[in-house]
Amino acid sequence: MKLLFLLAWTAFTLAAQDAPRAQIHGFLGIDNIAGHNFDANSAGVGADVFVYKGAAVSPSGAWLYTRDNARGLGVFTINGSYHFLRGKSRVEPFVTAGYGALTNFSGGQSTVNYGGGANFWFRRHLGFRAELLNFQSSGYRELTTIRFGVSFR
């Protein structure tokens, strides 16, 4: 919890600068755990901290739960991402890939994840975010998630 607070505080501080160096986002997800039919949901937060032009470091954390059981999994990522058209358009598509971890806090599964999406900026500092991520381990798909949320910069 302290890590998520520190992440959000850092992103807000960086976003307050004239040329935003970070974006934060909160999201809700529709999730498909391997062998199921999108019968899970998730909620979480993330950030994009820009290091050079459209290139960013993008950590996120979420809670994944099924509709009949709120005892779920923690889903954590540390990704690299590239945001095309950053600062040039209201629509900002991006691609992302990196390390992911699925954990129930007594055990876990390391994964790689990849995907993409777009931010749609309504105002200078407020936008809508849509994203698709695929998590895989040892060649098997573990989780597909479709995330929708709000972005701030």
Side-chain angles (χ1 to χ4, degrees), residues 1 3-8 10-12 14-15 20-67 69 72-122 126-153:
M1 189 60 149
L3 177 64
L4 292 177
F5 174 77
L6 181 61
L7 174 69
T10 302
F12 272 126
L14 291 171
R21 300 286 303 159
Q23 301 172 2
I24 64 169
H25 55 275
F27 58 85
L28 297 175
I30 302 167
D31 302 275
N32 184 21
I33 302 169
H36 293 74
N37 292 324
F38 286 97
D39 66 346
N41 296 99
S42 60
V45 296
D48 298 307
V49 180
F50 293 96
V51 292
Y52 181 74
K53 297 188 179 182
V57 175
S58 304
S60 72
W63 186 250
L64 172 75
Y65 56 93
T66 60
R67 294 187 182 116
N69 186 0
L73 298 171
V75 179
F76 302 98
T77 65
I78 183 72
N79 290 356
S81 65
Y82 189 81
H83 295 247
F84 303 95
L85 307 174
R86 180 173 175 249
K88 299 176 185 166
S89 172
R90 292 185 142 214
V91 177
E92 181 184 286
F94 63 89
V95 293
T96 185
Y99 171 79
L102 308 174
T103 181
N104 63 1
F105 302 104
S106 64
Q109 176 78 36
S110 291
T111 65
V112 294
N113 70 82
Y114 56 91
N119 287 310
F120 304 93
W121 297 105
F122 300 121
L126 177 66
F128 172 77
R129 182 181 178 104
E131 179 176 22
L132 172 73
L133 283 177
N134 233 338
F135 291 80
Q136 291 188 302
S137 102
S138 304
Y140 297 101
R141 182 183 56 78
E142 302 291 335
L143 171 68
T144 299
T145 182
I146 302 169
R147 296 174 172 177
F148 300 100
V150 177
S151 290
F152 303 95
R153 60 178 175 184

For a quick test of your reading: what N or O donor-acceptor pairs under 3.5 Å do the side chains of residues 145-152 make, sequence neighbours left out?
{"from": "Thr145", "atom 1": "OG1", "to": "Asp31", "atom 2": "OD1", "distance (Å)": "2.4"}
{"from": "Ser151", "atom 1": "OG", "to": "Asn119", "atom 2": "OD1", "distance (Å)": "2.9"}

- Item | Heavy-atom check, side chain of Arg153 versus side chain of Trp121, under 4.5 Å | yes
- Item | Heavy-atom check, side chain of Phe84 versus side chain of Val95, under 4.5 Å | yes
- Would you give the length of the straight line joining atom CD of Glu131 to atom OG of Ser58, rounded to the nearest 0.5 angstrom? 8.5 Å
- Item | Euclidean distance, Phe94 CZ relative to Gln23 CD, rounded to 0.5 Å | 8.5 Å
- Query: Can you list the residues that meet the side-chain contact (heavy atoms from CB on, under 4.5 Å) rule with Ala55, with sequence neighbours excluded?
  - Reply: Val51, Tyr82
[X] (side chain) donor-acceptor with [Y] (main chain) under 3.5 angstrom:
X: Arg90; Y: Phe122; result: yes
X: Arg86; Y: Lys53; result: yes
X: Asn104; Y: Leu73; result: no
X: Ser89; Y: Val91; result: yes

- Message: Please evaluate residues Asn41 and Leu28 with respect to the criterion side chain to side chain contact (heavy atoms under 4.5 Å, CB included), reporting the C-alpha separation (whole Å), side-chain torsions for both, the decisive distance (0.1 Å), and the verdict.
- Response: CA-CA 7 Å; Asn41 296 99; Leu28 297 175; over 6 Å; no
- Go through Gln109 and Phe135 one step at a time and tell me if the side chain to side chain contact (heavy atoms under 4.5 Å, CB included) criterion holds. CA-CA 10 Å; Gln109 176 78 36; Phe135 291 80; over 6 Å; no
- Message: Assess, by modelled atom type and distance only, whether the side chains of Thr96 and Asn79 contain a donor and an acceptor separated by less than 3.5 Å.
- Response: yes
- Query: Going through the checks in order, is the side chain to side chain contact (heavy atoms under 4.5 Å, CB included) test met by Thr144 and Leu132?
  - Reply: CA-CA 7 Å; Thr144 299; Leu132 172 73; 3.9 Å; yes
- Do Asp48 and Arg129 meet the salt-bridge criterion of a basic N to acidic O distance under 4.0 Å? yes
- Task: Would you please name every residue forming a ring pair (Phe, Tyr, Trp, His ring centres under 6.0 Å) with Tyr65, sequence neighbours left out?
- Result: none
